[in-house]
Amino acid sequence: MQPQYQPSAVEQAAQAWWTEHRSFLAREGAEAKGRPKYYCLSMFPYPSGKLHMGHVRNYTIGDVLTRYHRMRGHNVMQPMGWDAFGLPAENAAMQNQVPPAKWTYDNISYMKRQLQSLGLAIDWSRELATCQPDYYRWNQWLFLRMLEKGIAYKKTQVVNWDPVDQTVLANEQVIDGRGWRTGAVVEKREIPGYYFGITQYADELLSALDTLSGWPERVRTMQANWIGKSHGVRFAFPYELDAKAGQLWVYTTRADTIMGVTFCAVAAEHPLAARAARDNPALAAFIDECRHGSVMEADMATMEKKGMPTGLFVTHPLTGARVEVWVGNYVLMTYGDGAVMGVPAHDERDFAFAKKYGIDIRQVVSVAGKDFSLDAWQEWYADKEKGSCVNSGRYDGLGYLQAVDAIAADLKAKGLGDKQVQWRLRDWGVSRQRYWGCPIPIIHCPACGDVPVPDDQLPVVLPEDCVPDGSGNPLARRSDFVDCNCPKCGAAAKRETDTMDTFVDSSWYYARFASPGASTMVDERAAYWMPVDQYIGGIEHAILHLLYSRFWTKVMRDLGLVSYDEPFANLLTQGMVLNHIFTRRTDKGGIQYFAPDEVELALDAAGKVIGAKSVADGQPVNYDGIGTMSKSKRNGVDPQSLIEAYGADTARFYMMFASPPEQTLEWSDSSVEGAYRFLRRVWVFGHRFATEMKPHLPSVRTLGAGALPPELAALRREVHLVLKQANFDFGKFQFNTVASAAMKMLNAIEKVPAGGGLAPGMVAEVVEEALSILVRLLSPITPHLAHGLWTELGLALEAGQAVLDAPWPEPVESALVQDEIELVLQVNGKLRGSVRVPASADKAAIEQLALASEAAVRAMDGKAAKRVVVVPGRLVNIVA
RNA sequence: GCCGGGAUGGCGGAACUGGUAGACGCACCGGACUCAAAAUCCGGCGGUGGUGACAUCGUGGGGGUUCGAUUCCCCCUCCCGGCACCA
């Protein structure tokens, strides 16, 4: 074997071997040979151009798990594909005058080569791209099924409208309330669109979270809060207007405070607001003002709360009091009925609103020992657990639950309300006024209306040669796409030009991977592979993508297409990859970003960073902390250059070692070098073993049969002890400590005692076993290095067996035993030394030995022990 | 604003169910090798006091529970992710 570690040679050889042996083709049925299936899936990438470090991290984690489970005896499947529709392709098209399709396919072929150079154990025979008609036709097909079942339907939606470009903007394209290209103030506009009735599944999506024991608690909590089941009361304020009786319906979770209502507020889009504005120009102007700005909830929630009275009054359903109706810019038309009751005394937002506009504040809940004040908001005003009703007539003295019950009953008796369960979750709007997406299979006929495209005319194929220009949807200008005949009456008709949200594409790709090439949406192979055993992706997908996929699965199940309830049995949410940010203020007040390799750091004597300067001009730059790698901040590191400089194994090892998968990972060039150094040491020691030790190996191995000399027993014990911990850590997905275990193991093996009367054959045997364990432990993380060493050192347990199919190593218990153990000695909880005791000693014996120890006697200073706490195998604490 | 998460040496991080805080690595310092440098190898490395054994403080800040708290509870600060048309 080569005495030096040459990653490119090692990696090319390993990859050639895997290709030749078709090592990563997943098998089904009899070919699975009775092994349990393990479907390991990383979230597929958007083909943005080239891989970024987040991809490398994501796919390395998936690959480590895939290879680990394979060695554990599973029938593994790890597919890969492309989330190929989306906005960036249209942006690139505008910039480069290249059709999104070409840009996308070019990116895919480049990124595929990059993924292959990482040595991922991917079954490429299952590759798919969501922009291919034989994939997205099933989006269209299922859309039609959902339409038939009433799960898909049409209604108006509120969008960001750029009045200059005359186009709908994505939230991302709205910067500070203005269009990103035109700078025009964005308006809210209502247009028709298709929705998926995810709320029909709200109950199950919530309750089934309890069955997802393989999901992180935080993701389940986020989804539960997002679905947002709340128990409250929906009730009405009657009014009379234009000589007609009407009712203003509101929803509240705080019905116990209903006696404190001093105003109502409606959304600007509410019919009552429109009616009031009819003869109130000031109000009309205010409503118009509310139309400006983005539709993002974060913007709505942080903007200044403004309101204006409508001059209309409604009647309090219980007190009969006249209550004025206001228009509030903070009231969401999309939640509940687009109107809220205002209780300034017990709602922080209402309090601020009332203070601002001089509305009455009426206390109706009190907490014993707390004084109510009109001057400043207090947390307890809104604490429904502790208070009871006051100033509330017949409800006085009731706690939250009793008050809600009594009030709901009274409202019900009057026919003006009842208890109601409310969801925060809204139906999923899927229409996008964009070109590069899956066409919605609808035809608009002047006579028949909206007509679904018949199944036998699917797929509705998207033309791939359009170049968008930023104003409107280019599809609308393509008569060869738009003009068609009505499937019902045959008359000339227009095809729908909206495309589907790209979240639709990613809501079921995992199932298609399990039935590649099927002539139906999925086939029986999906029944074998699904659900995904391990799903891996960024935490930023914790809600939308994962919730939509769960919803989509339940729809497919109810259509009889699949029989599982949930798509992802286990979920690992990986953290982001961060890097340092360096900036300089420009003369014009802008910010200039410097890539980390354009900056030289100044260190003090202890190695602490005390300054930075530009390599180019030697002038100082500011260190702006750490942030996600991004093009705009110029702090990204190109995986390609990393692989070229150090090899894929170093990139993989560094990624796993630098941080546990769920946490953020901070980039460090020197730590990458550290990873490389380690891999080189492994290789070099392998060479030393092959040349210096292996020749002494006895033909019949006796390891474990008899007692080893103490030095070798200690080495062997260390190796097995570290392995035991590493196996435990693997189960926790804590790959950083697995990597560090491999380092510890090498540290121990490198110090292998030699000479001193030790039989060289015995030394070689202990080292061979240690290397066999180390190489297998490393193989999921650094598969090329492991493949090379396994072969070159002849470590295979069965002839011809590659390391990727070798059995996972388990610690040998007999190698771990020891006669004496060391316990930590504490006095009053403070470390005061240690005490050696026989491994078999019982509590009484340990107490005695501890009390008699030199360290204890000194620390006790003649005082008597009140109590002795013994934690077996760990410590003794003497309480004096 | 709302929901979720995080904070440990100069840095990334470790610490099993409450039991030796700082494993492993990086950086830095010292030594060996070298004409010299790089690479490599050996040693040191939280703060303060002490020649030293050792003492003492120390896991974002404040309080609590416990023989014992990075870990559990309460309050606060800052940072990160999501907020429905980025993917």
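Sequence lines set the chain letters: A, B, ... in the order given, protein chains first and strands last, and positions in each chain run from 1.
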*Which whole-number value in Å describes the distance from A:Arg832 CZ to B:U56 P?*
5 Å
*Nearest whole angstrom, please: distance from the P of B:C26 to the CZ of A:Phe653.*
10 Å
*Give me the residues of residues 720-734 of chain A where at least one heavy atom lies under 4.0 Å from an atom of RNA chain B, by number, or none.*
A:Phe728, A:Lys732, A:Gln734
I'd like a table of atom pairs between the protein and nucleotides 66-68 of chain B - only N or O on both sides, under 3.5 Å - with the distance next to each one.
unit_1, atom_1, unit_2, atom_2, d
B:C67, O2, A:Asn877, ND2, 2.3

Return all side-chain donor-acceptor pairs below 3.5 angstrom for residues 192-202 of chain A, not counting sequence neighbours, or 'none' if the list is empty.
unit_1, atom_1, unit_2, atom_2, d
A:Tyr195, OH, A:Thr156, O, 3.3
A:Thr199, OG1, A:Asp427, OD1, 2.6
A:Gln200, NE2, A:Gly150, O, 3.3
A:Tyr201, OH, A:Asp558, OD2, 2.8

_Atom-pair distance (CG on A:Asn58; C1' on B:A87), nearest Å_ = 13 Å
*For B:C72 versus B:A15, give the span between their P atoms, rounded off to a whole number of Å.*
14 Å
_Rounded to whole Å, how long is the line connecting atom CD of A:Glu673 with atom P of B:A38?_
14 Å
_Base-pairing string, 5' to 3', of RNA chain B - Watson-Crick or wobble, under 3.5 Å, | interstrand_ = (((((((..(((......[....))).(((((.......))))).((((....))))..(((((..]....))))))))))))....
*Short side-chain N/O contact from A:Ser671 to OP1 or OP2 of B:G25, under 4.0 Å*: no
_Side chain of A:Ala658 (C-beta onward), nearest among B:G81, B:A14, B:G12_ = B:G12
_Taking the ring centre of each residue, are A:Tyr135 and A:Trp508 less than 6.0 Å apart?_
yes
*Find out whether A:Pro3 and A:His687 are in side-chain contact, i.e. whether some heavy atom of one side chain is under 4.5 Å from a heavy atom of the other.*
yes
*Which one, B:G82, B:C26, B:U20, comes nearest to the side chain of A:Val824?*
B:U20
*Between B:G19, B:G81, B:A87, spot the one nearest the side chain of A:Leu875, thanks.*
B:G19
*Quick one: A:Lys744 NZ to B:C24 C1', roughly how many Å, whole number?*
6 Å
*Take atom CD1 of A:Ile543 and atom C1' of B:C3, then tell me their distance rounded to the nearest Å.*
7 Å
With 3.5 Å as the limit, what N/O pairs link the protein to nucleotides 40-50 of chain B?
unit_1, atom_1, unit_2, atom_2, d
B:U40, OP1, A:Arg680, NH2, 2.8

*Taking syn as any angle within 90 degrees of 0 and anti as the rest, which one fits B:G43?*
anti
_What's A:Lys830 touching, base or sugar-phosphate or nothing? Going by heavy atoms closer than 4.0 Å._
sugar-phosphate
*Out of curiosity, A:Lys732 NZ to A:Thr737 OG1, how far, rounded to the nearest 0.5 Å?*
6.5 Å
*Choose from B:G12, B:G4, B:C26 the nucleotide whose nearest atom is closest to any side-chain atom of A:Phe657.*
B:G12
*Would A:Phe735 and A:Phe657 count as a close aromatic pair, with their ring centres under 6.0 Å?*
no
*What distance do A:Leu823 atom CG and A:Asn877 atom CG have between them, rounded to the nearest 0.5 Å?*
12.0 Å
*In terms of side-chain heavy atoms of A:Arg426, which of B:U20, B:C24, B:A84 is nearest?*
B:A84
_A:Tyr136 and A:Phe85 aromatic centres sub-6.0 Å_ = yes
_Contact residues, residues 293-301 of chain A to RNA chain B [heavy atom, < 4.0 Å]_ = A:Met296, A:Glu297, A:Ala298, A:Ala301
*When rounded to the nearest Å, what value does the distance between C1' atoms of B:C45 and B:A21 take?*
16 Å
*In terms of the nearest nucleotide of RNA chain B, which residue is placed more toward the 5' end: A:Thr664 or A:Met743?*
A:Thr664
*Nearest-nucleotide pick for A:Leu87, side chain only, options being B:A14, B:A87, B:G19*: B:A87
*Measure the CG-NZ distance between A:Asn329 and A:Lys305 for me, rounded to the nearest 0.5 Å.*
7.5 Å
_Pick the closest RNA chain B nucleotide for A:Arg432 and for A:Ser740 by heavy atoms, then say which residue is nearer the 5' end._
A:Ser740
*Quick one: label A:Thr302 by what it contacts on the DNA or RNA (base, sugar-phosphate, nothing), any heavy atom closer than 4.0 Å.*
base
*For A:Val168, which contact category applies under a 4.0 Å heavy-atom criterion: base, sugar-phosphate, or nothing?*
base
_Same-atom distance (P) from B:U34 to B:C24, integer angstrom_ = 30 Å
*A:Gln663 side chain, from C-beta outward: closest of B:C26, B:G25, B:A14*: B:A14
_ring pair (Phe, Tyr, Trp, His ring centres under 6.0 Å), paired with A:Tyr646, selected from A:Tyr5, A:Tyr676, A:Tyr654_ = A:Tyr676
*Between B:A87, B:G1, B:C86, which nucleotide gets closest to the side-chain atoms of A:Glu172?*
B:C86
